[in-house]
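Have a look at the structure below before the remarks.
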Amino acid sequence: MGGEEVVEPRSHWLPAGTDRKSFAYFTIKDRLPQILTRVIDTLHRHKNEFFEEHGEKGVEAEKRAISFLSKLRNELQTDKPVTPLEDELPDAALWNQYLDYQRNLSNGNGEPSWFQSPWLFVECYMYRRIHAALAQNPPIDSFDVFKEGKAQNFFESQEAVIALCTYFQDLLKNLKDLDEKQLKEELFKLLQVSLWGNKCDLSFSAGEDSSQKSSPLQSLENLIPYILVNDMEKLWSVLVNAKKTNTENSKVRVDIILDNAGFELLSDLVLADFLLSSKLADEVHFHGKSIPWYVSDTTKHDFNWTIKQLQSANHKWMSKCGINWEGNLKKGVWVYHDHMFWTLPHDFSRMAEVAPDLYADLQKSNLLLFKGDLNYRKLTGDRKWEHSVPFHQALNKFHPAPLCSLRTLKSDTQVGLKPGQGEQIQASEPEWMISGKYGIVQFDAAL
Ligand code: F6P
Ligand code: MG
């Protein structure tokens, strides 16, 4: 599999800024500078804290980081060329190789600038430069500029968190009495909670409040018509068949490629617990980000922090969840990974070549659940696909194991729809692909 050439002409990518009516253009022009401004404000606000912790050295580092970020914002807003990374972080060489590759694609038209490059590439690049601004400036090098927002999302979703933990602990009590049909219904419910949990991301709202306010379970029925592709039955079959063919030594393994911290992460953890408790799976592997990413994406710190918060919560069922989940990690039936590939600009069709170790690891899974919009963009290469192109084709040879995307639509890519389905929604709701109102549970079997 490794080394297979799957690249397509550059013009097929969603461009960052050549179509002024596109969501990509709006993102690069308005949303990204807004995010950068918030990051700079956050650093300003923590000045005293840096001083208390590290003295003058902390304040100096804060100033350097701010000046690096202001320069970055200026480069973006004045459409300067995207420059090679100058730091020595472990992924810098891979980034710079990718930059060269983009340069070669520009057919001698000079260095690709922010607005002339593919959207996915420059957006990822911005988050990588934000990381460099901090990582290069000890002693504040491990400060996560998005940490507060992620914690706030969790606290502001408190009611929904309580509702979900309470529902789930109640379900666990009755789990052994459920017949197969009921078990399937419960799985479908929790898949939907995890799907709609993806509405709560902070990059989409450019950092504004995006928490889950109401009970996540109540509205599921009403939201069914908004699931444009619903392959939940296929997921059930995969899991049930995996169990049947499972021998004593081979465990059924499900992987969740995580997206946002806050309420979405909680919904994923509940789903993961259900998979184990119902014995549909024996192991769940989580994949998070190794650096702060797209404002609200889950890092190892966020993952552990969330479980600790639950454990110490002043609510019986929240803390029960936290205690059980800590136990799952200790027993090794839950495993957390954070490979650097997830924060590179490459789409997933390049994984086998760029990160063969990760690809080989995913091949061990019975089912991969990819959460969220960015993962969908990377699954489909962020191309301008016709909506009726099969998902399998858009995956462009990325088939490590059976996989499924659980994603609310927040960017201009959608494949695997019935002929005319996309056009029909478009006619009445031009914003359908970027509003977060629609969702998909889209499955592809392995080869
Ligand atoms: O800013 C663009 C974007 O990639 C959107 O597609 C999406 O709104 C957001 O960032 C990330 O969404 P998610 O957290 O669901 O991956
Ligand atoms: Mg995200």
Side-chain angles (χ1 to χ4, degrees), residues 13-17 22-36 38-39 76 114 117-128 130 144 146-147 149-150 153-154 157 194-208 210-212 256-268 286-299 302-303 306 338 342-343 345 347-348 369-385 404-415 431-442:
W13 267 304
L14 289 173
S22 68
F23 183 58
Y25 179 73
F26 166 63
T27 297
I28 305 292
K29 188 176 145 300
D30 292 342
R31 294 168 65 228
L32 298 192
Q34 219 175 315
I35 288 169
L36 279 172
R38 274 178 184 264
V39 168
L76 188 167
W114 282 80
S117 298
W119 174 24
L120 180 64
F121 165 50
V122 283
E123 197 174 18
C124 289
Y125 176 80
M126 183 192 81
Y127 288 99
R128 176 57 177 74
I130 295 178
D144 177 354
F146 302 123
K147 194 169 80 179
K150 291 184 268 194
N153 178 287
F154 178 82
S157 308
S194 166
L195 163 65
W196 297 121
N198 181 242
K199 279 191 183 186
C200 308
D201 99 75
L202 293 171
S203 135
F204 191 56
S205 60
E208 297 284 350
S210 173
S211 52
Q212 173 75 35
I256 306 185
I257 295 77
L258 296 170
D259 187 3
N260 305 302
F263 181 76
E264 179 171 2
L265 175 60
L266 182 94
S267 70
D268 299 336
F286 299 94
H287 301 264
K289 306 292 195 294
S290 53
I291 61 175
W293 198 244
Y294 275 68
V295 187
S296 44
D297 284 14
T298 307
T299 61
D302 303 323
F303 188 85
T306 305
D338 55 2
W342 304 116
T343 50
D347 55 60
F348 296 159
L369 299 175
F370 285 90
K371 290 298 315 285
D373 199 77
L374 177 61
N375 277 328
Y376 192 75
R377 294 174 65 192
K378 287 190 164 184
L379 282 167
T380 57
D382 214 34
R383 304 297 207 273
K384 282 188 178 183
W385 298 108
C404 182
S405 159
L406 297 163
R407 166 240 184 179
T408 58
L409 279 63
K410 291 177 279 186
S411 64
D412 299 307
T413 303
Q414 183 57 57
V415 296
E431 306 267 279
W432 67 287
M433 276 201 287
I434 54 166
S435 61
K437 178 173 162 189
Y438 290 91
I440 51 160
V441 180
Q442 192 162 37

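Every number for a ligand or one of its atoms is a count from 1 in the order of the listing.
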Contacts of R377 meeting salt bridge (charged side-chain N to carboxylate O under 4.0 Å, His left out) (sequence neighbours excluded), chain-then-number -> E123, D382
### Task
Using only heavy-atom distances, determine whether the side chains of Y438 and Q414 contain a donor-acceptor pair under 3.5 Å.
no
Check your understanding: N/O to N/O below 3.5 Å, does that happen between N198 and ligand 1?
Key -> yes
Restricting D259 to its N/O/S atoms, the closest one to the Mg ion (ligand 2) is OD1
For the Mg ion (ligand 2), the nearest N/O/S atom on D297 is atom OD1
Taking only non-hydrogen atoms of D259 and a 4.0 Å limit, the atoms of ligand 1 in range are 13 (P), 14 (O), 15 (O), 16 (O)
Here the atoms of ligand 1 under 4.0 Å from any heavy atom belonging to W119 are 2 (C)
Atoms of ligand 1 under 4.0 Å from any heavy atom of S411, numbered from 1 in the order shown, are 6 (O)
A student checking ligand 1 against D373 at a 4.0 Å heavy-atom cut-off should list atoms 5 (C), 6 (O), 7 (C), 12 (O), 13 (P), 15 (O), 16 (O)
So the atoms of ligand 1 within less than 4.0 Å of a heavy atom of L374 turn out to be 13 (P), 16 (O)
Applying salt bridge (charged side-chain N to carboxylate O under 4.0 Å, His left out) to K289 and not counting sequence neighbours gives D297
Check: Heavy atom of Y376 under 4.0 Å from ligand 1?
Finding: no
Checking D302, T298, N260, T306 against K150 for side chain to side chain donor-acceptor pair (under 3.5 Å), the one that qualifies is D302
Just distances here: any N/O of F23 and N/O of ligand 1 closer than 3.5 Å? no
Exercise. Consider ligand 1: state whether an atom of it lies below 4.0 angstrom from any non-hydrogen atom of R31.
Key: yes
A student checking ligand 1 against Y294 at a 4.0 Å heavy-atom cut-off should list atoms 4 (O), 10 (O)
Any non-hydrogen atom of R377 lying under 4.0 Å from ligand 1?
yes
Closest heavy-atom pair, C404 versus V441, reported as atoms and distance to 0.1 Å, is SG-CG1, 3.7 Å
Close N or O approach (T27, ligand 1; < 3.5 Å) = no
So the atoms of ligand 1 within less than 4.0 Å of a heavy atom of E123 turn out to be 1 (O), 2 (C), 3 (C), 4 (O)
Exercise. Could you tell me whether a side-chain N or O of K371 sits under 3.5 Å from a main-chain N or O of S194, the two making a donor and an acceptor?
Key: yes
* To do: Return yes when at least one N/O/S atom of N260 is nearer than 2.8 Å to the Mg ion (ligand 2), and no when none is.
  => yes
Closest heavy-atom pair, K378 versus W342, reported as atoms and distance to 0.1 Å, is NZ-O, 3.4 Å
Counting heavy atoms under 4.0 Å, the part of N260 that contacts ligand 1 is side chain
Quick check: Y376 with F370 (ring centres under 6.0 Å apart)? no
Shortest non-hydrogen pair, I291 vs R128, comes out as CD1-CD, 4.2 Å
On a heavy-atom basis, the closest approach of T380 and W385 is O-NE1, 2.7 Å
I'd like to know if the side chain of K437 reaches the main chain of E431, judged simply by a donor and an acceptor atom lying under 3.5 Å from each other, with no hydrogens or angles considered. no
Do any nitrogen or oxygen atoms of K410 come within less than 3.5 Å of a nitrogen or oxygen of ligand 1? yes
